[in-house]
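These numbers come from a predicted model, not from an experiment. Below, each value reflects all heavy atoms present in this structure, side chains not excepted, and no hydrogens, waters or symmetry copies. A, B, ... follow the sequence lines: proteins, then strands. Residue 1 opens every chain.
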Number of protein chains: 2
Amino acid sequence: MRASERAYAALRDDILEWRLAPGTVLAEVEQSERLGVSRTPLREALGRLTAEGLTAAAGGRGVVVTDISLEDIDELFELRETLEGKAAALAAQRGDAATFAQLQRELLHAPELVRGPHPALHEYYALVGRLDTAIDAAISNSYLAQAMRSLRVHLVRVRRLAADDAARLTAAAGEHAAIAEAIAAGNPKLAEAATIMHLHRSLSHVKATHVPHQKEHHG
Amino acid sequence: MRASERAYAALRDDILEWRLAPGTVLAEVEQSERLGVSRTPLREALGRLTAEGLTAAAGGRGVVVTDISLEDIDELFELRETLEGKAAALAAQRGDAATFAQLQRELLHAPELVRGPHPALHEYYALVGRLDTAIDAAISNSYLAQAMRSLRVHLVRVRRLAADDAARLTAAAGEHAAIAEAIAAGNPKLAEAATIMHLHRSLSHVKATHVPHQKEHHG
DNA sequence: ACTCTCACCAGTGTATACAGAGAGTGAGGA
DNA sequence: TCCTCACTCTCTGTATACACTGGTGAGAGT
């Protein structure tokens, strides 16, 4: 694998998992030594991260990890409602009913994954991810899909701010199932409404359980 | 100005003005010599262009200028309708009425700019650009604004495919004035409807006057 | 004549050296 | 005591040299 790709993936993970706190200055030499690559591929990685909005240029002083404020979360979900609402509606018009009917059935059994002594959270998130992928494929609009992908990067960070307990995941599975059902039924209005409902509840949950992230400067 | 910035601006302009036809392979050494910069800043420029979707990696064989098909235009306007419709609605809710009322008055006089022996097209496009900027500012949602900016880059390319005659520009000015009026009136539904109407007519115009671009390989 | 293989080459990916700019710090004066 | 100016130092921005990969063309074998 290319060195620039490794550096990008490593830094991206570090930021999304909050191992690199917002405000952290990413100096080129420091990071290139830490990741074992030279400055050239590291600069490429930083450029991609900056283009995605995970880092920002700090005026001659390298790049810093961007912050996510409560206003950012509101803005993020406002855009998300617009894009994913439209995407669900388009999927209902253009998607394959059998695919989404199958996803609905699986989602209805998803609560079993998050309950019990050994919650299979990985499988749960993979299932939800398959619904996202199915919608992306169904809309057959690469620009819209691209816009949603770039949005989801930031949402991964936000998700880490909330406490995803079993109760919330169970409820979310039901909401996802409702979206899949509406798409399978070919009902655009209903699919959009189900998506907006889900996003509002998700946002409420994030805001209710959100704990301000302490900035750790462990050096 | 930084060399990477100059290279980026030059290549971006060349692509948007169709001086670099879709499918053109941008070899690093060749372009770095043409633009008078070394390969390092040129690679950064190519990375930014690829992130924006104006170029695409060609599997170890450099990057190529991406193509814009008729399907792309449909997808582009589908996303545009979603984003700009929402933006207009938000601007109607949050924007300053006086600002948009003033823009409406100027837009109503815009036909004078495109008629006559000396059409002031530059002023016309600047005025329309000011409406876009005002909407961007009014929505106070950086993520939505960013999504629209990345979309408009591609629309500049599409605009070059259509023949922007005085008749179309006059009609477009009226449509823009209607959008500004609806925003000034604080009517979100109306602002969204006016935007969707404008975009549909704009798309129809592009499709009606579109001439397939001949690929020139002048070397 | 067709196909397979090997070698060469063009071009990207990476490392490193050098220059220039910006920020921080220290001292001196008001 | 605070403000300002200059110096220094570190870090970014750029150039260039080197390595490696992927592709293409020619030559030989079937």
- Item | Salt-bridge present (A:E5, A:R12; N to O < 4.0 Å) | no

- Footprint ends on DNA chain C, 5' to 3', for atoms under 4.0 angstrom from a heavy atom of chain B, come out as C:dT12 to C:dT14

- Ring geometry between A:Y143 and B:H154 (parallel below 30°, tilted from 30 to 60°, perpendicular above 60°): perpendicular

- Message: One thing to verify: whether A:R152 and A:D136 come together as a salt bridge, which I'm taking to mean a side-chain N less than 4.0 angstrom from a carboxylate O.
- Response: yes

- Check whether any side-chain nitrogen or oxygen of B:R2 sits under 4.0 Å from OP1 or OP2 of D:dT14, and answer yes or no. no

- Item | Minimum heavy-atom distance between A:L103 and A:A134, given as atom pair plus value | CD1-CB, 3.6 Å

- By nearest-heavy-atom nucleotide on DNA chain C, the more 5' of B:L26 and A:R39 is B:L26

- Toward the 5' end of DNA chain C, by each residue's nearest nucleotide, A:V37 or A:A58: A:V37

- Item | Any residue meeting side chain to side chain donor-acceptor pair (under 3.5 Å) with A:S32, in chain and number order, not counting sequence neighbours | none

